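We name chains A, B, ... by the order of the sequence lines, and we start the count at 1 in each one. This is a predicted model, so every value here is computed, not measured.
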Amino acid sequence: MNASNTDFVLAVENLTVSFDGFKAVDDLNLYVDEGEIRVIIGPNGAGKTTVLDLICGRTRSTQGSIRFRNRELTKMTESDIVKSGVGRKFQTPSVYTELTVYENLEISYPKGRNVFGSLFFRRDETIVRKCEEVAEMILLKDQLYDSAGLLSHGQKQWLEIGMLLIQDPELLMLDEPVAGMSVTERHETAKLLRRISENRSVIVIEHDMQFVAEIADKVTVLHQGKILTEGPIDTVKNDPKVVEVYLGH
Amino acid sequence: MKSSGFWGSLFSRHDTLSFVVLALILLVVLPLSLDIFRLSLMGKYMTYAFVALGLALCWGYGGVLSLGQGVFFGLGGYMLAMFLKLESSDPESTAIQTTPGIPDFMDWNQITELPWFWEPFYSFPFTLAAVLVVPTAFAYLIGVAMFKRRVSGVYFAIITQAIAAILTILIIGQQGYTGGVNGITDLRTLLGWNIRSDFARYVFYFVCVGLLLLCIVISQFVSRSKLGRILVAMRGAEDRVRFSGYDVANFKTFVFCLGAAFSAIGGAMFTLQVGFMSPSFIGIVPSIEMVIFCAVGGRLSIYGSVYGALLVSWARTAFSESFPELWLFAMGALFIAVVLAFPDGLAGLYNQYGRRHVERQLDKWLLTLKSSTRTASVKGVAHERQ
Ligand SMILES: Nc1ncnc2c1ncn2[C@@H]1O[C@H](COP(=O)(O)OP(=O)(O)OP(=O)(O)O)[C@@H](O)[C@H]1O
Ligand SMILES: [Mg+2]
């Protein structure tokens, strides 16, 4: 594929994946700008998670291209995609419950990522400070040496976001980051996202429309693997097609 | 977290206690309380502890269950057995054979020339290297082939089991080259030194303890490194590790190879202490027994797995002396009981009930130790002032 270079951070073109003939993502085009927070909404099974799976290499596309800073991702290994600057949070918070919050962050720190590098990895001042700094951002400073298994659902979500932040990705993809959070926690998360999007692009999948309104620069509505509509939140919210398939119920 | 130098970075206070207690039992208590026959038996059980230790890292830490560790134990054992067999097959002592100078079982199988792959085993340094390298390289091949293809969990376990079965069949089938079902027997000397004398048995026992303690130190190093934490992380959330930029397959391969290398050392020590090696230590049953040793001791615990291997093997001998036909059932029952009731094995029970008291006692000792050295130094200062 010889697509032309763009100024977009992420350019997804004609992306299709079919699982035994069922097209979970169908000829999708998606462009994300520098510093943008893009929210993807849509009914259950619309293919939102699958789009993130395709971008980070967890699922391989049947067709189409995904270019991140004009580098084609569809043929790269998962770890190379991560190293090129794409971070991804899973729909169910995925943290290492048997390790402490500090250790969770330290493992995510991009150093000593191969076998022998990790075997002879030495903790140093920079890493400790970086972990503390991120812990403060995600409001887990007081839990730094607690086991991550003891955190609440919402705190686990934060920790996973923190684990991505410490890698300093240029594109951050968050799958339902405020699920299981209280209203105050949602506000805190919105503030956090605003802050971290200052120097990176963020893709968020979310169902909570209030939260979406709080953070979105632009909203993409996905339905049956296709884009239903795309635009600012107010336009999207009042689009009759969107109301019919998603917001109506 | 304060650490006192190299040791402190490898061993927590409680690890130090566990290590010292185990070392005292193996180096002092057992040699003083057992006759050489029983001690040698302990030495044999200890060779299984190498395998169990490897499984603690591989299965306990990394979540990679192998039901084929007998393969590596056996390969390690066979490598050394080949060397010892060649040494015992010099032309004088094999003069009555059709072809003197080759191992007896080859002669019985109408083989008239030493096969090419036996030749290097005339060299002791080569053999020592082969003991470690051959099983580890084999594990590496299996690891790369399986883990890169994302084969894991039950499927991986079944494949390792199949490999154990295949290797056993191969060795039994190729009688002329391997000694067949009897294995490689009648080993007498090591570099001209009678390996059956009581003195040799003492020496081998202590060498075995030394190697086991060394493997424990290595395990401590691995488990307390970032790699150890990555293994634990992988066991719970493999995708999170993968999408944090790690190549998960490489970490699984590493820990699988380490387990194989430990098992191989155990196998070689087995050959040395028991005086033979046969396919009956490679197949499915011994491989599963090794897993049971580790499970009973506690798969999450370095020390637990060692005690598991020693205790269950000892129980097997004691039990099968009186009720030989019941042992397999007892073993099965033991495994089911452990899995259902004590998933973390003996170590789990200890952590739950014993550890608190031990830690408290340790605190007390350290405190009295500290205060007595402090009063001593205060007295010293007072002296100087006078
Ligand atoms: N690996 C797979 N194999 C087969 N079908 C799949 C696979 N992954 C996803 N699907 C199907 O693709 C469709 C889209 O799933 P996806 O998880 O992307 O939806 P979603 O928009 O994230 O929904 P939700 O809001 O419930 O999280 C679903 O019908 C799902 O069953
Ligand atoms: Mg989803």
Please look at [X] and chain B and tell me whether the side chain, the backbone, both or neither of the residue comes under 4.5 angstrom of a heavy atom of that chain.
X         : answer
Leu99(A)  : side chain
Arg88(A)  : backbone
Glu160(A) : side chain
Thr97(A)  : neither
Val86(A)  : neither
Ile81(A)  : neither

Return the OG to CZ distance between Ser9(B) and Arg122(A), rounded to the nearest 0.5 Å. 5.0 Å
Could you give the distance from NZ (Lys226(B)) to CZ (Arg113(A)), rounded to the nearest 0.5 Å?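 Reported to 0.5 Å precision, the distance equals 8.0 Å.
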Between chain A and each of Phe221(B), Phe251(B), Phe254(B), count heavy-atom pairs under 4.5 Å; write down the option with the most. Phe251(B)
Among Asp239(B), Ile230(B), Val222(B), which residue forms the greatest number of heavy-atom pairs with chain A at distances under 4.5 Å? Asp239(B)
Please determine whether the number of non-hydrogen atoms from other residues, nucleotides or ligands lying under 6.0 Å from atom [atom1] of [X] exceeds 12.
X         : atom1 : value
Arg355(B) : CZ    : yes
Phe335(B) : CZ    : yes
Lys23(A)  : NZ    : no
Lys75(A)  : NZ    : no
Arg13(B)  : CZ    : yes
Phe342(B) : CZ    : no

Examine distances only and state if a side-chain atom of Arg240(B) and a backbone atom of Pro93(A) form a donor-acceptor pair shorter than 3.5 Å.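 Side chain of Arg240(B) to backbone of Pro93(A): no pair is present.
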For a side-chain contact (heavy atoms from CB on, under 4.5 Å) check, start with the C-alpha distance between Leu227(B) and Phe121(A), then their side-chain angles and the critical distance, and finish with the verdict. CA-CA 8 Å; Leu227(B) 189 142; Phe121(A) 170 89; over 6 Å; no
Among the options [options], pick out the one with the most heavy-atom pairs lying under 4.5 Å from chain B.
options                        : answer
Gly87(A), Ser108(A), Cys56(A)  : Cys56(A)
Ser118(A), Gly57(A), Gly112(A) : Ser118(A)
Asp80(A), Val82(A), Leu164(A)  : Val82(A)

Side chain proximity check, Tyr96(A) to Ser244(B), heavy atoms < 4.5 angstrom: yes
Residue pair Asn114(A) / Asp247(B), side-chain heavy-atom distance below 4.5 Å: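 The answer is no; the side chains never approach within 4.5 Å.
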Side chain from CB out, backbone as N, CA, C, O: work out which of these in Tyr246(B) comes under 4.5 Å of a heavy atom of chain A, or both, or neither. both
Region of Val241(B) in contact with chain A, defined by heavy-atom distances below 4.5 Å: both
Report the relative orientation of the aromatic rings in Phe90(A) and Phe243(B); use parallel for angles under 30°, tilted for 30 to 60°, perpendicular for over 60°.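 Rings of Phe90(A) and Phe243(B): perpendicular, as their planes differ by over 60°.
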